Novice: 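Sharing a structure with you now.
Residue numbers start from 1 in every chain, and the chains themselves are labelled A, B, ... in the order their sequence lines are given, proteins ahead of strands. Being a predicted model, the structure only gives us computed values, none of them experimental.
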Amino acid sequence: MAMTLAMQAIKSRHKLLGSTWFARPALLLAPELIGKILVRKLPAGFQPRGSFQAGGSKPEASPAGIFRYRITEVEAYCGVQDLGCHASHGHTKRTEIMFGPAGYIYVYLIYGMYHCLNLVTAKSGEAEAVLIRSVEPLFGTNQKPVGPGRLCRELNIDNQLNCLKLGRTSGLWVEDDGYKLKPGEVCQSARRGIDYAKDYASKPWRFYLSTSEFVS
DNA sequence: GGCTCGATCTTG
DNA sequence: AAGATCGAGCCC
């Protein structure tokens, strides 16, 4: 399919968000990630399982293999003092990436069968990250990649991406297309699945788009 | 080396 | 409501 002028215009407005953008506290960054675009470049032959060409039933054949998703739900994990954060146990092999500079990918295996995608934020030594919980596909699809485990399965995200830097090289990055949220559209709640985190379990550090169906 | 448990999802 | 499934973290 030929690239139209309108498509190019929209594409050129997309701004790749780099390390500097991510080098802020997770609590500030998490709500700002809502409405941004998660971009996944899949290897040749791979594609999201439910994708299809708009108006048809055939799988989408994107030559570039690039798929975009609006981020609809995230959680902030805020360093060693946050008992819900993996880094609360200090420097370990698994959490070392969180102590590093912002803009890196932290993927871990959960329950032996699912992966969770996190983006490292804040400055080196702070061990903060944002968990991407749900996204809304910006292309035709039958799948609803709702929930962190299903999201990673849909986007083919696993340990191979762990510790890589966000960007075209790793095949995973974040863009800002200028999409503006309405005031009050981002809601907050307690984070999921961290009952063990004592007084941090009830912190309202989950952020989600109240107007989206793509929320877990 | 062995034990425990989890930032989940599916099935019944 | 419970099972799948495996590696990190921790304690021998």
Novice: Can you tell me how far P of B/dC9 sits from CD of A/Gln143, to the nearest Å?
Specialist: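 Spelled out: CD on A/Gln143 to P on B/dC9 is 13 Å.
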Novice: Rounded to the Å, how far apart are A/Met113 CE and C/dT5 P?
Specialist: 5 Å
Novice: What does A/His86 touch in the nucleic acid at a heavy-atom separation under 4.0 angstrom: a base, only the sugar-phosphate, or nothing?
Specialist: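 Base, at least one base heavy atom under 4.0 Å.
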Novice: Rounded to the Å, how far apart are A/Asn118 CG and C/dA8 P?
Specialist: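 These atoms are roughly 15 Å apart.
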Novice: Kindly point out which of C/dG9, B/dC9, B/dA7 is positioned nearest to the side chain of A/Tyr114?
Specialist: B/dC9
Novice: With A/Arg70 as the cation and A/Tyr179 as the aromatic partner, state whether NZ or CZ is under 6.0 Å from the six-membered ring centre and within 45° of the axis.
Specialist: yes
Novice: On DNA chain C, does the nearest nucleotide to A/Thr95 precede the nearest nucleotide to A/Leu109 from the 5' side, or the other way round? Give the residue.
Specialist: A/Leu109
Novice: Would one find a side-chain N or O of A/Arg192 under 4.0 angstrom from OP1 or OP2 of B/dT8?
Specialist: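 Answer is no, no contact under 4.0 Å.
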Novice: For C/dA8 and A/Thr92 - does any side-chain N or O of the residue sit under 4.0 Å from the phosphate oxygens OP1/OP2?
Specialist: no
Novice: Does a side-chain N or O from A/Arg153 land closer than 4.0 Å to OP1 or OP2 of B/dT10, or not?
Specialist: yes
Novice: Is atom CD of A/Glu96 surrounded by more than 12 heavy atoms (other residues, nucleotides or ligands) closer than 6.0 Å?
Specialist: yes
Novice: Tell me if the side-chain of A/Tyr108 makes a donor-acceptor pair with the base of C/dA8, cut-off 3.5 Å, by modelled atom types.
Specialist: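 When only heavy-atom distances are counted, A/Tyr108 does not reach the base of C/dA8 through any donor-acceptor pair under 3.5 Å.
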Novice: Are A/Tyr111 and B/dG6 stacked, counting the six-membered base ring, centres under 5.5 Å, planes under 30°?
Specialist: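 It does not: the ring fails the test against the base of B/dG6.
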Novice: Does a sphere of radius 6.0 Å around CD in A/Gln81 hold more than 12 heavy atoms from other residues, nucleotides or ligands, not counting ones at 6.0 Å or beyond?
Specialist: yes
Novice: Contact class for A/Leu131 (heavy atom, under 4.0 Å): base, sugar-phosphate, or nothing?
Specialist: base
Novice: Students often get this wrong, so: under 4.0 angstrom with heavy atoms, is A/Gly147 touching a base, only sugar-phosphate, or nothing?
Specialist: sugar-phosphate
Novice: How close or far is atom C1' of C/dA8 from atom CD1 of A/Ile97, stated in whole angstroms?
Specialist: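 It works out to 16 Å between those atoms.
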Novice: Establish, yes or no, whether the cationic atom of A/Arg191 lies under 6.0 Å from the six-membered ring centre of A/Tyr200 and within 45° of the ring axis.
Specialist: no
Novice: What is the separation between atom CD1 on A/Ile110 and atom C1' on C/dA8, rounded to the nearest whole Å?
Specialist: 11 Å
Novice: Calculate the interatomic distance between A/His89 atom NE2 and B/dC5 atom P; express it in whole Å.
Specialist: 13 Å
Novice: Name the residue from A/Glu185, A/Glu136, A/Glu73 that meets the side-chain hydrogen bond (donor to acceptor under 3.5 Å, both in side chains) definition with A/Ser212.
Specialist: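 Result for side-chain hydrogen bond (donor to acceptor under 3.5 Å, both in side chains) with A/Ser212: A/Glu136.
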Novice: Starting at OH of A/Tyr77 and ending at C1' of B/dG6, how long is that distance when rounded to a whole Å?
Specialist: 11 Å
Novice: Which is true for A/Gly112 with a 4.0 Å heavy-atom rule: it touches a base, it touches only sugar-phosphate, or it touches nothing?
Specialist: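 Since a base atom lies under 4.0 Å of A/Gly112, the category is base.
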Novice: With both distances under 3.5 Å as the test, what is the Watson-Crick or G-U wobble partner of B/dT4?
Specialist: C/dA8
Novice: Please pick, from B/dG6, C/dG9, B/dC9, the nucleotide with the shortest atom-to-atom distance to any side-chain atom of A/Pro148.
Specialist: B/dC9
Novice: Does this structure show an ion pair linking A/Arg192 with A/Glu75, if we count only N-O contacts that are shorter than 4.0 Å?
Specialist: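 Result for this pair is no, no salt bridge flagged.
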Novice: If I take atom NE2 in residue A/His115 and atom P in nucleotide B/dG6, what distance separates them, rounded to the nearest angstrom?
Specialist: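 My rounded result for the distance is 19 Å.
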Novice: Just checking A/Arg191: base, sugar-phosphate only, or nothing, at a heavy-atom cut-off of under 4.0 Å?
Specialist: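 Nothing, no heavy atom under 4.0 Å.
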Novice: Check every atom of B/dC9, C/dA8, B/dT8 against the side chain of A/Arg150 and return the nucleotide holding the closest atom.
Specialist: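 It is B/dC9.
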